[in-house]
2 protein chains.
Amino acid sequence: MPARAAKAEAKSEAKSAVSGKRKPKTEAQDIDASAHVGLDGLALHVGYAVRRFQLWIFQDFIKTLATVDITPTQYSVLTVISANPGLTQMAVAKRLGIERARLVHLLNALEQRTLVKRAASKVDRRSHALHLTASGEASLRQFKLLAAEHERHVIEKIGKDNRERLLEILAPFR
Amino acid sequence: MPARAAKAEAKSEAKSAVSGKRKPKTEAQDIDASAHVGLDGLALHVGYAVRRFQLWIFQDFIKTLATVDITPTQYSVLTVISANPGLTQMAVAKRLGIERARLVHLLNALEQRTLVKRAASKVDRRSHALHLTASGEASLRQFKLLAAEHERHVIEKIGKDNRERLLEILAPFR
DNA sequence: TATTGTTATACTCTATAACTATA
DNA sequence: TATAGTTATAGAGTATAACAATA
């Protein structure tokens, strides 16, 4: 019994004892998980569709890269460092929209796996110059193969043309 | 100083004392937050663009509905209950992809604000039939006006046609 | 036995603030 | 004074598991 509905009145309504397994089809139905549930205005909000799509796409990415234990965020950090060796932590954080405090923990994990190294900057002793290690570069090449496989899943799901349209429409947000 | 780089060697490199405010333009630069930082393969991943777009859109929604203190998730719950009165918690959770354990807390908050009420189901005494209160319906009408304003922000940002294309492409995920 | 709502725990992520060593 | 990296804390959100009432 729902604990918070403790004061719910105990009315008598032992009606039709027979029923066809699910959806007794008598009268006072409530709308359960097996019913068609309308979205109303929600269907006209881009944000709702985008959220659902993003959940699907991240789940597929995580599943596809599960063997190498790399999340979308970790992948983005490794890719950006590899493409821009010597990047500072602030630059990575700003570019990817990650809090600098959060990036510290992300880099700690990646450094422990010897994928990334923090080197002393030659121009500003407050900051670190980030590089992938040799094994980090090798690993990233493997991650990219798996990420490409994930991207093929996206094509299977929404179609090649729609994927390209999405990339165009959302380009300003990268 | 970065605490973890404590063993960084203290080399001498007090070279050009003069510099033009930022980017001393001497030699061994690292790539700071003011530089152009390439995304490499990341730019070809739909998931990355979608994540950035979703962050923007949720931030705008929250900002636009800040005066009524309603989040995108709360809005989706209210909308679905209003469009399907008598919905059970399981049905809402499944339809919106929310964990049923999380929905309990969401509904507690909405019930405390007297926007939603949990009624005793007439057909299954384990479950609740969810309804908006009268003031909940009135409030939702106001929230919808603000949500429409948010949607206009989306149009301003990506254009009317692109928004419609997005809704079409992402329709299967709703 | 299975399901609904609930509670609790752990883990991730976000948002802040404060501290240090530098600039 | 301001900034880069770090640490710590609090609040969402997610993922689980377990429990009571009910089916």
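What's counted below: heavy atoms across the whole structure, side chains too, no hydrogens, waters or symmetry copies. Residue numbering restarts at 1 for every chain, and letters A, B, ... go by the order of the sequence lines.
Aromatic pair A:F61/A:Y75: ring centres closer than 6.0 Å.
Nucleotide D:dG5 holds its P atom 12 Å from the CD atom of A:E111, rounded to whole Å. For the pair B:F58 CZ and D:dA12 C1', the computed distance is 13 Å after rounding to whole Å. Following rounding to the nearest Å, A:H128 (NE2) and D:dG5 (P) show an atom-to-atom distance of 7 Å. Atoms CG (B:L96) and C1' (D:dT14) sit 16 Å apart, rounded to a whole Å. Counting to the nearest Å, the C1' atom of C:dC13 and the CD atom of B:Q59 are 14 Å from each other. D:dT16 atom P lies 17 Å from atom CD1 of B:I98, rounded to whole Å. If you take CD of A:E99 and C1' of C:dT16, they are 9 Å apart, rounded to a whole angstrom. Computed from coordinates, the B:L55 CG to C:dT14 P distance equals 7 Å when rounded to whole Å.
For B:K94, the NZ atom sits in a loose shell: 12 or fewer heavy atoms of surrounding residues, nucleotides or ligands are nearer than 6.0 Å.
By the 30° and 60° cut-offs, the orientation of the rings of A:H153 relative to A:H150 is perpendicular.
For A:R100, whose side chain is taken as the heavy atoms from C-beta onward, the closest listed nucleotide among D:dG5, C:dG5, D:dA23 is D:dG5. The side chain of A:R102 has C:dT12 as its nearest neighbour among C:dT12, C:dA18, D:dT7. Side-chain proximity of A:Q89 to C:dG5, D:dA4, D:dT6: nearest is D:dT6.
Paired with A:R163 under the rule side-chain hydrogen bond (donor to acceptor under 3.5 Å, both in side chains), one option of A:E168, A:E156, A:E151 passes, and it is A:E151.
Looking at A:R118 and A:E111, a side-chain N of the basic residue comes within less than 4.0 Å of a carboxylate O on the acidic one, giving a salt bridge.
Annotation: of the two residues near DNA chain C, A:A101 and B:M90, the 5′-most nearest-nucleotide partner is B:M90. Mapping B:L107 and A:L106 onto DNA chain C by nearest heavy atom places B:L107 closer to the 5' end of the strand.
Under 3.5 Å, the side chain of A:R126 and the base of D:dT3 form at least one donor-acceptor pair of N or O atoms.
Residue B:R118 places at least one side-chain N or O under 4.0 Å from the OP1 or OP2 atom of C:dT6.
Within the nucleic acid shown, A:T88 comes within 4.0 Å of sugar-phosphate atoms alone, with no base atom in reach, counting heavy atoms only.
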